[in-house]
**Q** 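Once you've had a glance at the structure underneath, I'll fire off some questions.
Residue numbers start from 1 in every chain, and the chains themselves are labelled A, B, ... in the order their sequence lines are given, proteins ahead of strands.
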Amino acid sequence: MIVCVAVVGHQNNPLYIQSFTEADDALKLHHIVHCSLDVVDERVNNPKKSGPMLNETFLGLLYPIENYKVYGYLTNTKVKFILVTTDLDVKDADVRNFFRRFHTAYVDAVSNPFHVPGKKITSRTFAERVSTIVKSFGFSSAA
Amino acid sequence: MVREVSESCVDSLMTEMVACYCNRFYANKPELAARRIEAIGYQVGQQLSERYTMERPRFGDHLEAIKFICKDFWSEVFKKQIDNLKTNHRGTFVLQDNKFPWLARMSVDPSADNVSSVEDYSAPTAESKAAQAMSMHLYFPCGIIRGALSNLGIPCAVSADISSLPACTFIVRFGI
């Protein structure tokens with residue numbers, strides 16, 4: 001189950017953070033997202049560790065913490081998408097698919113002429129699309 | 001599902017935007033009009049670069065980003081690629097488009113050609129006015145290129161040169 005998704009700009013400024021649990025440990029989730037930014041930077045700046053995945057957008061599992069798993073995705077415009085999930089058996093293809101749909105929603109939100117680049121994304125349409133993508137995470141893989 | 005807009009609509013919108021800013025909003029203040037148009041182009045360039053880099057792996061260096069602008073980005077926006085790319089390997093790139101679509105339908109005042117051989121003090125103003133009017137239309141594409149490159153992490157300055165119509169040259173300088 002996805003617990004939290006976040007979009008972080010290229011200056012590590014948060015553009016969108018949304019948690020999907022009822023418990024009010026939102027602060028802890030924000031903290032996890034913040035820590036994962038360091039891991040993203042390390043992955044990107046250490047080419048010898050990444051090997052063949054140097055120029056890929058999908059960064060894979062960043063690090064496991066407590067009972068969460070954190071996945072990262074870095075776009076060409078240095079915008080980072082962070083996904084925090086509590087699932088134990090998450091398929092790679094599922095996460096890639098999720099990030100692809102999330103990227104599409106993000107691009108549509110940013111193309112809004114009323115959106116100020118660098119400021120938080122306040123579009124309700126984006127929020128609805130994201131919650132739709134989150135709800136269908138993991139279910140489409142059965143086929 | 002891709003939504004499309006007719007090309008002539010975009011052409012008309014560009015022409016009207018330049019005319020609007022130059023003649024109505026900032027009449028007699030061409031510098032301000034130019035800066036405003038370039039700023040609009042900057043934001044459009046940022047948004048376009050988000051959309052067109054979506055499926056691609058990340059770029060390794062500046063040259064790959066410039067090649068992306070010349071090939072994929074230009075063909076998405078103008079349905080053709082940049083015809084010639086030159087560099088001095090010290091941070092300056094020259095992008096030449098031999099038939100820039102937004103200038104392709106512009107007429108040049110024929111009388112301006114005849115006065116170039118006559119030594120008349122009023123002649124330079126007629127020619128330079130035509131050149132200045134034409135250059136107003138280039139601020140928007142310069143802004144687009146600057147916005148796209150900035151969003152890819154490469155701050156730069158872009159200027160345009162129209163010494164030989166309908167060919168148009170964009171000069172990109174890094175390291176600002």
**Q** So, B:Phe100 versus B:Phe170, ring centres under 6.0 angstrom or not?
**A** yes
**Q** Counting only heavy atoms not in A:Asn67 (residues, nucleotides, ligands), do more than 12 fall under 6.0 Å from its CG?
**A** yes
**Q** Would B:His137 and B:Thr15 count as a side chain to side chain contact (heavy atoms under 4.5 Å, CB included) here? Give the steps.
**A** CA-CA 7 Å; B:His137 290 266; B:Thr15 321; 4.2 Å; yes
**Q** Taking only heavy atoms into account, what residues of residues 42-54 of chain B are found under 4.5 Å from chain A?
**A** B:Gln43, B:Gln46, B:Gln47, B:Ser49, B:Glu50, B:Arg51, B:Thr53, B:Met54
**Q** Report yes if the side chains of B:Ile145 and B:Pro141 come closer than 4.5 Å at any heavy-atom pair, otherwise no.
**A** no
**Q** Which residues, numbered in order, of residues 1-14 of chain A come under 4.5 angstrom of chain B by heavy-atom distance?
**A** none
**Q** Closest approach of B:Ser135 and B:Ile162, non-hydrogen atoms and distance?
**A** N-CD1, 4.2 Å
**Q** Tell me, for A:Asp108 versus chain B, whether the close heavy atoms (under 4.5 Å) come from the side chain, the backbone, both or neither.
**A** both
**Q** Not counting sequence neighbours, list each pair that qualifies as a side-chain hydrogen bond (donor to acceptor under 3.5 Å, both in side chains) and has a residue in residues 81-94 of chain B.
**A** B:Lys80-B:Asp83
**Q** Restricting to non-hydrogen atoms, name the atom on A:Glu128 and the atom on A:Thr132 that form the minimum distance, rounded to 0.1 Å.
**A** O-OG1, 2.8 Å
**Q** What are the two closest heavy atoms between B:Ser159 and B:Cys142, and how far apart are they?
**A** C-SG, 3.8 Å
**Q** Report, in residue-number order, which members of residues 114-123 of chain A are under 4.5 Å from chain B by heavy-atom distance.
**A** A:His115, A:Pro117
**Q** Based on non-hydrogen pairs under 4.5 Å, which of A:Lys78, A:His103, A:Arg100 is most in contact with chain B?
**A** A:His103
**Q** Which atom names give the shortest non-hydrogen contact between B:Met136 and B:Ala33, and what distance separates them?
**A** CE-CB, 4.4 Å
**Q** Kindly assign one of parallel, tilted or perpendicular to the pair B:Phe93 and B:Phe174, based on the angle between their ring planes and the thresholds 30° and 60°.
**A** tilted
**Q** Do the rings of A:Phe102 and A:Phe98 sit parallel, tilted or perpendicular, given the 30° and 60° boundaries?
**A** parallel
**Q** Are any side-chain N or O atoms of A:Asp94 and backbone N or O atoms of A:Asn97, one a donor and one an acceptor, separated by less than 3.5 Å?
**A** no
**Q** With rounding to the nearest 0.5 Å, note down the distance linking OH in B:Tyr139 to SG in B:Cys22.
**A** 9.0 Å
**Q** What closest approach, in Å, do A:Phe99 and A:Gly72 show between heavy atoms, and which atom pair accounts for it?
**A** CE1-O, 3.9 Å
